[in-house]
Amino acid sequence: MKKSILFIGGLLIFFLLCPEVLSQTTEIRILHLNDFHGFAEPYRPFGSSELLGGIAYLAAKAKELRKEKPTLLLAAGDMIQGHNWANLSQGESVIELMNAMGFDAMVVGNHEFDFGSEALKKRIAEARFPILGANVEGLQALKPFIVKELSGIKVAIVGLVTSETPISTHPRNVAGFRFLPVEEVSARYIQELKGRADLILFLTHLGHAADRILAEKVEGIDVIVGGHSHTKVAKPVRLGQTLIVQAWEHGKALGVLDLKIQDGKIAGFDGHLEEIRPKAGGEDPTIQAIVEKYRKRAEAVLETPIGEAEVDLDGENVRRRETNLGNLIADIVRAACKAEAAIINGGGIRMSIAKGTIRVKDIHSVLPFDNYIVAIGLTGRQIVEALEHGVSGLEENEGRFPQVSGLSFRYSPSEKKGRRIKEVQIAGQPLDPNREYAVATHDFLAAGGDGYKAFGEAIRSSRDFETIGGLMKGEKILSSDSGRWLRDVVVEYIRGQGRIAPKVEGRIQEVPGDGRMGQ
Amino acid sequence: MDVWVNDRPIEILPGMTVKHALIQAGLLEKVKSGLRVYDEWGNEIGLDGALAQGMKIWVKEAWG
């Protein structure tokens with residue numbers, strides 16, 4: 001009798017100390033990737049000598065980790081656009097490798113819209129996994145959520161993309177779509193999924209700061225797998241009952257989140273990032289074959305003829321004077337956003353092109369930087385300031401020297417810096433210092449690159465900026481197309497023209513100094 | 001959009017990224033020479049990362 005009492009007492013103590021024995025604990029794993037942007041091959045990030053990433057290496061690691069426990073493989077957006085490897089097939093290459101890797105779901109990112117809605121619909125149709133977007137209205141192919149079952153655990157996955165998507169791509173790419181506020185949509189789906197899932201996971205493309213706000217404001221989210229801010233969240237963040245993770249960018253890391261589920265709740269978690277360092281023999285051969293297939297295709301695209309130059313295109317003298325290549329590119333920049341004028345930096349043009357056949361690779365060599373076109377409202381006075389700055393580095397052969405379109409100016413290199421601009425005309429009329437003009441440039445100069453301050457001043461004065469119903473409003477910000485590189489716009493233009501023969505037209509003229517103040 | 005780089009206010013176009021804020025702040029070259037960019041919670045962030053209104057970032061020596 002005494003032994004029995006001791007035995008029963010011992011059992012009670014054991015169950016009290018180890019409650020999981022009474023209610024079953026299930027372990028599942030979430031593997032996640034975000035902001036891949038088509039970086040299929042290992043690369044050395046800016047400022048680093050270390051080779052990182054490589055999707056074939058990441059795939060091998062994912063395969064290995066998947067064998068250990070029931071796993072979901074998720075993508076938190078911005079997968080198909082960015083690197084040439086993806087762009088030259090409009091993201092088809094990325095979807096093919098994601099199919100081969102066996103992704104379970106992906107949320108649409110803002111850059112998924114960059115190739116236009118028809119291309120996006122094709123990519124969604126090609127994907128053998130659901131692409132989510134609960135707060136996107138007008139794109140039926142996107143699902144708001146899915147419910148996946150892993151070892152008896154029902155996991156609801158809700159997809160959310162930033163409602164600022166319309167300001168980061170060309171308006172035509174999102175025509176007919178609405179991007180709804182995330183908190184309102186989140187609360188609605190949590191209500192809908194209550195009782196239908198053991199775990200509610202939000203797969204988001206909002207940025208880490210917005211993920212934290214979402215976790216604080218919306219109750220009932222168990223896990224947020226995020227993207228958009230390219231944040232290296234080394235360990236899961238816990239805010240209230242919500243875990244937040246994000247796996248850096250470009251396939252440089254694979255996110256791993258292990259969950260212990262008990263009675264429909266997270267009873268324990270552990271997470272980390274597996275940094276991807278390529279080692280010979282460490283790649284997944286199936287994925288490597290896809291990488292190589294599309295690399296060869298991309299190389300073939302780069303060799304494709306797109307037109308004929310009837311004259312040599314001068315990229316050598318762009319830091320000193322007007323050139324025909326500078327004019328051509330400035331004209332394309334201006335035309336792309338129907339601006340009144342365009343100002344670009346000569347230093348952004350890196351090569352000349354000899355008379356004859358022009359190939360895609362020639363344009364990529366001329367414009368190697370990932371710049372996109374923006375248009376900003378500048379006053380006549382700010383245009384003069386920009387041009388004064390542009391001609392202030394002549395002696396040093398600085399890249400800030402302007403190449404222009406829609407305007408012409410005279411300047412005197414012998415005058416002091418800041419007093420060199422003598423006369424500016426737009427559309428053949430003298431510049432009005434007080435009038436506002438639509439001026440196209442690219443994001444580098446708009447951000448103050450090469451020391452240009454005029455665009456930043458205009459942005460600062462655009463206090464009326466806001467997004468209303470997903471549309472960008474702001475009197476100074478006229479256009480911003482961050483999903484399309486300038487070089488791709490130039491390729492498209494030359495392809496459309498067939499033959500080009502740009503000239504030096506006297507848009508920029510040197511005149512002797514007269515000792516007078518600048519304009 | 002207003003962001004803060006090393007406690008200095010910077011204005012960039014909506015939709016611009018960490019890289020643009022660093023260009024404006026004159027700090028991109030520091031990253032080229034090995035410094036890294038961190039958010040206000042100490043997470044490293046990539047140059048193409050999206051910024052949010054009022055976000056604070058720092059350019060400094062790499063952790064560890």
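Proteins get letters first, then strands, A, B, ... in listed order; numbering begins at 1 in each.
- Relative orientation of the His250(A) and Phe39(A) rings is parallel, given thresholds of 30° and 60° on the angle between their planes.
- Using a 4.5 Å cut-off on side-chain heavy atoms (C-beta onward), Arg212(A) and Trp41(B) make contact.
- Interface summary for chain A: among Ile12(B), Asp48(B), Leu28(B), the most heavy-atom pairs under 4.5 angstrom belong to Asp48(B).
- Contacts between Ile376(A) and chain B at a heavy-atom distance below 4.5 Å involve the side chain alone, from C-beta outward.
- Most heavy-atom pairs under 4.5 Å with chain A, from the set Leu47(B), Val18(B), Val37(B): that is Leu47(B).
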May I have the step-by-step check of side-chain hydrogen bond (donor to acceptor under 3.5 Å, both in side chains) for Asp211(A) and Thr204(A), ending in yes or no?
CA-CA 8 Å; Asp211(A) 285 341; Thr204(A) 72; 2.7 Å; yes

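- Of the atoms belonging to Lys30(B), not a single heavy atom falls under 4.5 Å from chain A.
- In this structure, chain B has a heavy atom under 4.5 Å from the side chain of Val374(A), while its backbone stays farther away.
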Run Glu398(A) and Asn345(A) through side-chain contact (heavy atoms from CB on, under 4.5 Å) and show every step you take.
CA-CA 9 Å; Glu398(A) 293 280 359; Asn345(A) 58 332; over 6 Å; no

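- Ring centers of His83(A) and His37(A): at least 6.0 Å apart, outside the cut-off.
- Of the atoms belonging to Asp443(A), heavy atoms from both backbone and side chain fall under 4.5 Å from chain B.
- If you measure heavy-atom distances from Tyr372(A) to chain B, the contacts under 4.5 Å come from the side chain alone.
- Between Lys252(A) and Glu50(A) no salt bridge is recorded (no basic side-chain N to carboxylate O distance below 4.0 Å).
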